[in-house]
Amino acid sequence: MRKSAVVVIDMINTYDHADADLLLPSVTKVVPSVVRLLERARERGVPVIYVNDNFGEWRSHHGEIVDTALSGPHADLVEPLRPDDESLFVVKARHSIFYETPLAYLLSQLGIGHVILCGQVTEQCVLYSALDAHIRHLEVTVPEDAVAHIHADLADAALRMMRRNMKAEIRNTDSIEF
């Protein structure tokens, strides 16, 4: 297996958007799994990279994004996932973690050939990111208990698509090998 990195997608969030009420129950359920995945990765020295929307704040930086989310009404969902001093942070503006971001270059510089994608939203950003990782010849693993969805049926379909079309490994968090 190639060198791995854990990529946390859009979990630093204020949940101040149209679909938040539909998303929050799933986020609440997956946060413990994401926390376990991050703890295991950090214990093993696996890079953790947060790739997060900037919410249209073009002057923002990662510290400001984190501070804003932590001062919001759902800080309890963000605090356990807070980036540590070793975490890397890439700001994105669209769905895919690769779209017009330096992530591909960063992964190349780190010698990463395998990405473990966790976060939100399974049927949107996680799906598009898995596709973009696949076309860049990266191995992809998605811990199904560490990705949050808006619509369960679409999330199930997205996971099946990732497995079938992108050769992604869909596993439980605790069975992921680094």
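- The side chain to side chain contact (heavy atoms under 4.5 Å, CB included) test with M162 singles out one residue from V126, V147, V140, and that residue is V126.
- How far CD of E139 is from CZ of R2: 5.0 Å, rounded to the nearest 0.5 Å.
- A heavy-atom distance below 4.5 Å is not found between the side chains of H149 and V30.
- With a 4.5 Å cut-off on side-chain heavy atoms, V48 and E86 do not count as touching.
- With S87 contributing its side chain and D84 its backbone, the two residues share a donor-acceptor pair below 3.5 Å.
- K3 contributes a side-chain N or O that, together with a main-chain N or O of L110, makes up a donor-acceptor pair within less than 3.5 Å.
- The minimum heavy-atom distance linking C125 with I9 is given by the pair CB-CG2, 3.9 Å.
- Atom CG of L127 is separated from atom CE of M161 by 5.0 Å, given to the nearest 0.5 angstrom.
- Note that CD of E144 and CG of N172 are 7.0 Å apart. Values are rounded to the nearest 0.5 Å.
- You'll find the side chain of L107 stays beyond 4.5 Å of the side chain of R136, heavy atoms only.
- Taken to the nearest 0.5 Å, the OG1 atom of T173 stands 8.0 Å off from the CZ atom of R40.
- If you take OG1 on T14 and CG on L77, they are separated by 11.5 Å, rounding to the nearest 0.5 Å.
- In the hydrophobic cluster analysis, where Ile, Leu, Val, Met, Phe, Trp and Tyr join through side-chain heavy atoms closer than 4.5 angstrom, I97 is grouped apart from L23.
- Counting only heavy atoms from C-beta outward, the side chains of S26 and K29 never approach each other to under 4.5 Å.
- Closest non-hydrogen pair, D53 versus R94, comes out as OD1-O, 3.7 Å.
- When every heavy atom of V142 is checked against every heavy atom of L159, the shortest pair comes out as CG1-CD2, 3.9 Å.
- Residues V31 and M11 form a side-chain contact, since some pair of their non-hydrogen atoms from C-beta on lies under 4.5 Å apart.
- Residues V66 and F89 form a side-chain contact, since some pair of their non-hydrogen atoms from C-beta on lies under 4.5 Å apart.
- Looking at heavy atoms from C-beta onward, R82 lies out of side-chain contact with V78 at the 4.5 angstrom threshold.
- One finds the CD1 atom of I12 at 14.0 Å from the CD atom of E64 (value rounded to the nearest 0.5 Å).
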